[in-house]
Every structure is written in C-alpha cells, then in structure tokens.
Engineer: 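Please read through the structure below; I'll follow up with questions.
Nothing fancy with the numbering, it's 1 onward along the sequence. Predicted model, so just to flag it, every value in this text is computed and none were measured.
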Amino acid sequence: MDGITSIIIGVVGLIIGFVIAKFMEKGKASKVLENAKKEQEAILKAAKIDGENIKKDKIFQAKEKFLELKAEHEKVIISKNKKISEAEKRTRDKESQISSELAKNKNTNKQLEAKLKEVAQRIEFYEKKKSEVEKLHKSQIQQLEVISALSAEEAKAQLMESLKETAKSDAMSYLQTTMEEAKLSAQQEARKIVINTIQRIGTEEAVENCVSVFNLESDDVKGRIIGREGRNIRALESATGVEIVVDDTPDAIILSCFDSVRREIARLSLHKLVTDGRIHPARIEEIVRKTEKQIETEIVDIGKRTIIDLGIHGLHPELIKAVGRMKYRSSYGQNLLQHSREVAKLCGVMAAEMGLNAKVAKRAGLLHDIGKVPNTESEVETPHAILGMKWAEKYGEKPDVCNAIGAHHDEIEMKTLISPIVQVCDAISGARPGARRQVMDSYIQRLKDLEEIAFGFGGVQKAYAIQAGRELRVIVESEKVSDDKAAELSFEISQKIQTDMTYPGQVKVTVIRETRAVNVAK
C-alpha cells in the first residue's frame, strides 16, 4: 500500500514539475519575443535612415550628371550653330560671285554677238571676193588656152610629165650616189672583217696523198706477207681493196689506194699480222674484219673529239659519225675534216665580228661538207650540199644550220645571215694558196667512177681500182656469175669504161670468181 502511494506521489510530482517547467519556458519565450520586436524596430529605424541618406546621394549624383550632359549638349549645339552660320556665309558668298559672273557673262555675250555679226559680214565680203577671183582665174585660163592652143588638162598633163622626168632623174642620181657610197663602205667593212678573220686562224697546207708506207723490221717478213705463190698478198688485196706494192725498197711495203679508209684498214691489218706472225688467207680475212670494226669505233671517237674541241653540243650520233669519217676523205687534196674545222673556226670569228650567233655559225661551218661522206652508192648522185642539208634536217638540226649547209654552193636560196658567212668561209679555206690540189681530186674522182661502173652490173660483190687507175679488179658472187659469165662481164665492163670515161692509157679489167667449200667438223 505504501508503495502505490509513493508511486502516485511521484507521478503527481512529475506532472507538477512538468507544468511548472512549461510556465517557466513560456515566460522566457515572451521575453525573447519582446527583445526580438525591439531589435526589429531598431533595425527598421536604422534602415529607414540609411535609405534616406542613399536616396539623397543618388538624387545629388543624378543632378550633377544632368548638369554635365546639359553642358556637353550646349557645346554641341553651339558648334553646330557655328558650322551652320559658316555654311550660310559661304552660300551667300557663292551667290554673290554667281551674280557677278552672270553680270559679266551678259556683257561678254553682247560682245560675242557683236563679233559674230562682224565675222559674218567679213565672210560675206570674202565670198564675194572669192567668186570674183574665180571668174578672173577662169577668164585667164581661157585666155591662156587660146594663146597656147592647149586645154587646161593637157597643160597639166605636160607639167606633170616634166615634173616626173625631173624627179626621176634627180632620184636616180641620188640613188646612184647612195648605192656607190654604200658599196664602197660595205666593201671596206667586208674586207676588214675577212682580213681580220683570216689573220686570226692558223692554217696548214694540203698533204694528202694516195700511198702509205708500211715499215718492216727486216726484208725477211716480205716473203711471209707474199705467201706461197702470192696467196697471202692476193687475199689481203681482195679483202681490203688496196694495192700492195712489194718492191726493192728496203724494209718497206707501199700501200696504194685513193680511199684513205681502205688504206688505213690495210695498214693496221698488216701491222697486226706481222706482230702476230700468223699470216694466211683465213687469218687475213679475220684480222681485216676486226680492223674494220676498230676503224668504225675510231671514227666515232674522232667525231666526238672534234665537236668537243670546237665547243659544239647536242649533235646527233649519226652526224658525229659523219664528222669522224671526214678524216678519211679529201676535197681537192685537202683533208675534209681539217677543211671543215677550219671553216667552223672562220665562221665563228666572222659571226662574232658581225654580232651574230657564233655557236650556230660554227655548227654550220663544221657540217657544211657532211654530204661528201655518203653511206650508200645511191647517195653519190645527189649534190653534196643538198645531201648534207637533208641529213641535217633528218637528225634535228635547226633551219638556220640546214639552210647554210644547202646554200653554200648556191643550190638553194639563202634565207639567213649564217648562209653567206659559211659560203664565204668555205671559199676562204679552199681558195688560199696551197690549200688544195686540183689534179689529185680529178684523179680520185676518176677512180671512183671506175668502181661505180663495175657496181652497175649484176652479181658484182666488190670492185677496186688499183695501179693508179690502170687496173679495175672486180670480185663477183660465184652463185650468180658463172665462169663464162665472168669473161662476158669483163668484156662488158671494159666496153662501158671505154664509152663513158676519158682517161690516158689503158684500163685492165680483171674479174675474179672464187668458189669456196666450207664444212665444220664437230
């Protein structure tokens, strides 16, 4: 029982404590609210005071800004008014000027009208005078026609004819004087250039001949070269087309042929055979074939060295070969390569003296005689200048060079200044004393004509003119020409030579027909 009472008393105490705590909290809360209200009122009052101050400051700033803008605006208005007043002043000045000019123009117009009236009166007066003068002129012409018994047209024609004759005679006299002066000065200048060019070029005399001497170490070698019953020497003559003269001259054999290439092939072949020691027909033919190839290579090297020495570039390989072959050709006894080099140098110097392209002139001078070294028999009939021009065109030379080559003997018309230079330099090189031997050239031409006659018959394989043109040795193909036909061919060739050629003495025609049977053992 006491326990329950204590519990109730405890519960009631807790409730009373709770109530008392609530009343105490309520009192504190009311005090806090009152303090908050007081602080709020103080804050609001301070905020109103600050707002009034800020408002006053902004209004003051706005008034200051307004005053500044107003002052600037007034300045702009004042400047604009000033400009407007200046423009009005200029306008007034222009109006015054225009009015003054108009007044002046009115006075000028009046003066012009007066002058125009005066001019019109003068024109009318002059027209009257002109008509009177024309009437007087016509009457005078009529009187002159009556006196001279000629019409005005006839008199005019006679006067024109007399004036024409006078003018023509005066013009001819002036032209003649001018032409003589031009010729005199041109001849002097031409002589000056030619003499200057000749003096600057060193030249040599012609030394070409038709024989070469092959020196031997001893006369014992001669027998080996001749061979048994002369078979070696016949094989060598047959393979090279060169006449080999073995006489009493000590330690020497003479090689005779008008063709320098053949002679050089024979000389080199003999040298190789004597050095090797094996001399027989088969070996001879082998050595000759090798030597011919060697000569072809040497020809190309000679052409290259020549164009390098002269400073010529871009020449076609075929033209380089033609230049190399010139070494083994002669023109009237003058070595063709030496002659062409000389002409090239002369052309270069003369073109430089005249202010032309010296390189083109050198090129044309070197190539002007390439037509003298034909590759085929058919090309022999064409003039060498035209043939050389065709080769130059074929291998891409310029028109100036081609025209100079073709025109240096007047076969075609000269179209450039290089052409007469080449012609003159060719004449200078060939016409100087000691340059050429006319007799040798005619002799070589006779030998060439002999060989060409033989090649005109069918079945002829090779033809060689030997013994200074006194013998023509013809080698025929055994398959096409029989023994009987060989004798007949010899007679026909001799008759052809007798009718077509003029020559001293006699020409012996020898036709050689050789049959070979070759087999190979394996």
Engineer: How many angstroms lie between NZ in Lys496 and CD1 in Ile453, if you round to the nearest 0.5 Å?
Structural biologist: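 One gets 7.0 Å once the value is rounded to the nearest 0.5 Å.
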Engineer: Is the side chain of Ser490 donor-acceptor paired with the backbone N or O of Ala486 at a distance under 3.5 Å, no angle test?
Structural biologist: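 Not at all, since once roles are kept as given, no pair shorter than 3.5 Å links the two residues.
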Engineer: Going by atom types only, do Ser419 and Asn403 share a side-chain donor-acceptor pair under 3.5 Å?
Structural biologist: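 Result is yes, a qualifying pair exists.
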Engineer: Check the side chains of Glu471 and Thr510 for a donor-acceptor pair under 3.5 angstrom, ignoring hydrogens and angles.
Structural biologist: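 Per modelled atom types, Thr510 and Glu471 side chains form a pair under 3.5 Å.
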Engineer: Give a yes or no on whether the backbone of Ile287 and the side-chain of Thr291 come within a donor-acceptor separation of less than 3.5 Å.
Structural biologist: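 Indeed, once roles are kept as given, a pair shorter than 3.5 Å links the two residues.
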Engineer: So how far is it from Glu127 CD to Lys130 NZ, rounded to the nearest 0.5 Å?
Structural biologist: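 Nearest 0.5 Å value for the CD-NZ distance: 6.0 Å.
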Engineer: Does the side chain of Cys425 reach to within under 4.5 Å of the side chain of Met350, using non-hydrogen atoms?
Structural biologist: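 A side-chain contact under 4.5 Å exists here.
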Engineer: Check step by step if side-chain contact (heavy atoms from CB on, under 4.5 Å) holds for Leu336 and Lys327.
Structural biologist: CA-CA 6 Å; Leu336 193 56; Lys327 180 181 178 181; over 6 Å; no
Engineer: Please identify each residue that fulfils side chain to side chain contact (heavy atoms under 4.5 Å, CB included) with Lys394, with sequence neighbours left out.
Structural biologist: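 Result, side chain to side chain contact (heavy atoms under 4.5 Å, CB included) vs Lys394: none returned.
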Engineer: For Glu286, enumerate each residue passing the salt bridge (Lys or Arg N to Asp or Glu O under 4.0 Å) test, keeping only those at least two apart in sequence or located in another chain.
Structural biologist: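 Partners of Glu286 under the salt bridge (Lys or Arg N to Asp or Glu O under 4.0 Å) test: Arg283, Lys290.
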Engineer: Would you please test Leu236 and Val288 for side-chain contact (heavy atoms from CB on, under 4.5 Å) and show each step?
Structural biologist: CA-CA 8 Å; Leu236 190 58; Val288 168; 4.2 Å; yes
Engineer: Give the minimum heavy-atom separation between Phe455 and Val460, together with the two atoms involved.
Structural biologist: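 Between these two residues, the closest heavy atoms are CD2-CG1, 4.2 Å.
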Engineer: Given salt bridge (charged side-chain N to carboxylate O under 4.0 Å, His left out), test Asp276 with Arg278 step by step and report yes or no.
Structural biologist: CA-CA 6 Å; Asp276 184 54; Arg278 294 176 294 169; 2.8 Å; yes
Engineer: Determine whether Glu264 and Arg267 satisfy the following criterion, salt bridge (charged side-chain N to carboxylate O under 4.0 Å, His left out), listing intermediate values before the conclusion.
Structural biologist: CA-CA 5 Å; Glu264 184 67 11; Arg267 189 186 68 80; 2.8 Å; yes
Engineer: Can you check whether Leu310 reaches Lys345 side chain to side chain, under 4.5 Å on heavy atoms?
Structural biologist: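 Touching, per the 4.5 Å side-chain cut-off.
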Engineer: By ring-ring contact (aromatic ring centres under 6.0 Å, His included), which residues pair with His316, not counting sequence neighbours?
Structural biologist: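 With neighbours one apart ignored, the set is Tyr395.
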Engineer: Checking Pro281 now: which residues fulfil side chain to side chain contact (heavy atoms under 4.5 Å, CB included) with it, not counting sequence neighbours?
Structural biologist: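 Partners of Pro281 under the side chain to side chain contact (heavy atoms under 4.5 Å, CB included) test: Arg231, Asn232, Ala235.
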Engineer: Holding to ring-ring contact (aromatic ring centres under 6.0 Å, His included), I want the full list of residues that pass it with His280, two or more places apart in sequence or in another chain.
Structural biologist: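 Applying ring-ring contact (aromatic ring centres under 6.0 Å, His included) to His280 gives none.
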Engineer: For the pair Val323 and Ile302, evaluate side-chain contact (heavy atoms from CB on, under 4.5 Å) and give the outcome as yes or no after the intermediate values.
Structural biologist: CA-CA 8 Å; Val323 171; Ile302 291 169; over 6 Å; no
Engineer: Going by the side chain to side chain donor-acceptor pair (under 3.5 Å) test, which pairs reach into residues 453-465, not counting sequence neighbours?
Structural biologist: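 Pairs touching residues 453-465 that pass the test: none.
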Engineer: Please name the pair of heavy atoms, one in Ile370 and one in Met326, separated by the smallest distance, quoted to 0.1 Å.
Structural biologist: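 Closest pair (atom of Ile370, atom of Met326, distance): CG2-CE, 3.2 Å.
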Engineer: Mind checking salt bridge (Lys or Arg N to Asp or Glu O under 4.0 Å) for Asp309 and listing every partner two or more places apart, or none if nothing turns up?
Structural biologist: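 If we apply the salt bridge (Lys or Arg N to Asp or Glu O under 4.0 Å) test to Asp309, skipping adjacent residues, the hits are Arg341.
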Engineer: Taking only residues two or more places apart in sequence or in another chain, which ones pass side-chain hydrogen bond (donor to acceptor under 3.5 Å, both in side chains) with Glu296?
Structural biologist: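 Here no residue qualifies.
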Engineer: Taking side chain as C-beta onward, heavy atoms only, is Val424 less than 4.5 Å from Val422?
Structural biologist: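 Side-chain contact under 4.5 Å: no.
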Engineer: Distance-only, no hydrogens or angles: does the Glu237 side chain make a donor-acceptor pair with backbone N or O of Ile244 under 3.5 Å?
Structural biologist: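 Yes, Glu237 side chain to Ile244 backbone: donor-acceptor pair under 3.5 Å.
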Engineer: Contact between Ile299 and Ile295 at the side-chain level, heavy atoms closer than 4.5 Å - yes or no?
Structural biologist: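 They are in contact (side-chain heavy atoms under 4.5 Å apart), so the answer is yes.
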Engineer: Exactly one of Leu367, Ile386, Leu387 should register a side chain to side chain contact (heavy atoms under 4.5 Å, CB included) with Ile405. Which one does?
Structural biologist: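 Going through the options one by one, the only one that passes is Leu367.
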Engineer: Of all heavy-atom pairs between Asp426 and Val343, which one has the smallest distance, and what is that distance?
Structural biologist: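 Looks like CA-CG2, 3.9 Å.
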Engineer: For the residue pair Lys362 and Cys347, establish whether any side-chain heavy-atom pair is separated by less than 4.5 Å.
Structural biologist: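 Result no, sub-4.5 Å side-chain heavy-atom pair not found.
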Engineer: With sequence neighbours excluded, what pairs up with Lys359 under the salt bridge (Lys or Arg N to Asp or Glu O under 4.0 Å) test?
Structural biologist: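 Here no residue qualifies.
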Engineer: Of the non-hydrogen atoms in Ile418 and Ala404, which two are nearest, and what is the gap between them?
Structural biologist: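 Heavy atoms of Ile418 and Ala404 come nearest at CG2-CB, 4.1 Å.
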Engineer: Considering only residues two or more places apart or on different chains, which pairs with a residue in residues 399-420 satisfy ring-ring contact (aromatic ring centres under 6.0 Å, His included)?
Structural biologist: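 Residue pairs passing ring-ring contact (aromatic ring centres under 6.0 Å, His included), neighbours aside: His368-His408, His384-His408, His384-His409.
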Engineer: Please report the C-alpha distance between Glu397 and Arg363 in whole Å, then the side-chain angles of each, then the deciding distance to 0.1 Å, and finally whether the side-chain contact (heavy atoms from CB on, under 4.5 Å) criterion is met.
Structural biologist: CA-CA 9 Å; Glu397 289 299 315; Arg363 198 182 193 96; 2.6 Å; yes
Engineer: Taking salt bridge (Lys or Arg N to Asp or Glu O under 4.0 Å) as the test, write out the residues that go with Lys415, two or more places apart.
Structural biologist: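 If we apply the salt bridge (Lys or Arg N to Asp or Glu O under 4.0 Å) test to Lys415, skipping adjacent residues, there are no hits.
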Engineer: With the side chain counted from C-beta on, respond yes when Gln423 and Asp410 share a heavy-atom pair under 4.5 Å apart, and no when they do not.
Structural biologist: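 Heavy-atom side-chain distance check passes, below 4.5 Å.
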Engineer: Any donor and acceptor pair, going by atom type alone, linking the side chain of Arg473 with main-chain N or O of Ala463 inside 3.5 Å?
Structural biologist: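 Pair absent, no side-chain N/O of Arg473 close to backbone of Ala463.
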Engineer: What pairs of residues pass the side chain to side chain donor-acceptor pair (under 3.5 Å) test when at least one of them lies in residues 297-306, not counting sequence neighbours?
Structural biologist: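 Residue pairs with at least one partner in residues 297-306: Glu298-Tyr328.
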Engineer: How long is the gap from CG on Leu356 to CD1 on Ile421, to the nearest 0.5 Å?
Structural biologist: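 If we round to the nearest 0.5 Å, Leu356:CG and Ile421:CD1 are 5.0 Å apart.
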Engineer: Answer yes or no: are there more than 12 heavy-atom neighbours, outside Glu413 itself, under 6.0 Å from its atom CD?
Structural biologist: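 Count not over threshold, so no.
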Engineer: Please give me the minimum heavy-atom distance between Leu472 and Leu450, naming the atom from each residue.
Structural biologist: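 Scanning both residues, the minimum pair turns out to be CD2-O, 3.7 Å.
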Engineer: Working to the nearest 0.5 Å, report the span between CZ of Arg262 and CD of Glu292.
Structural biologist: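 So the CZ of Arg262 and the CD of Glu292 are separated by 10.5 Å.
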Engineer: To the nearest 0.5 Å, what is the distance between CE (Met389) and CD (Glu393)?
Structural biologist: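 If I round to the nearest 0.5 Å, the distance is 5.0 Å.
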Engineer: Contact between Lys272 and Gln294 at the side-chain level, heavy atoms closer than 4.5 Å - yes or no?
Structural biologist: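 Touching, per the 4.5 Å side-chain cut-off.
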Engineer: For the CD1 atom of Ile284 and the CZ atom of Arg234, what is their distance to the nearest 0.5 Å?
Structural biologist: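 Output value for this atom pair is 10.5 Å.
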Engineer: Could you report the tightest heavy-atom contact between Ser340 and Leu366, atom names first, then the distance?
Structural biologist: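 Smallest heavy-atom distance, with atoms named: CB-O, 3.6 Å.
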Engineer: Look at the side chain of Ser478 and the backbone N and O of Arg513, then say whether any donor-acceptor pair between them is shorter than 3.5 Å.
Structural biologist: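 Between the backbone of Arg513 and the side chain of Ser478 there is no qualifying donor-acceptor contact (under 3.5 Å).
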Engineer: Hey, are the side chains of Ile512 and Val476 touching, using non-hydrogen atoms and a 4.5 Å cut-off?
Structural biologist: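 The answer is no; the side chains never approach within 4.5 Å.
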Engineer: Are Glu477 and Lys480 ion-paired here, with the side-chain N under 4.0 Å from a carboxylate O?
Structural biologist: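 Between Lys480 and Glu477 there is a salt bridge, with a charged N closer than 4.0 Å to a carboxylate O.
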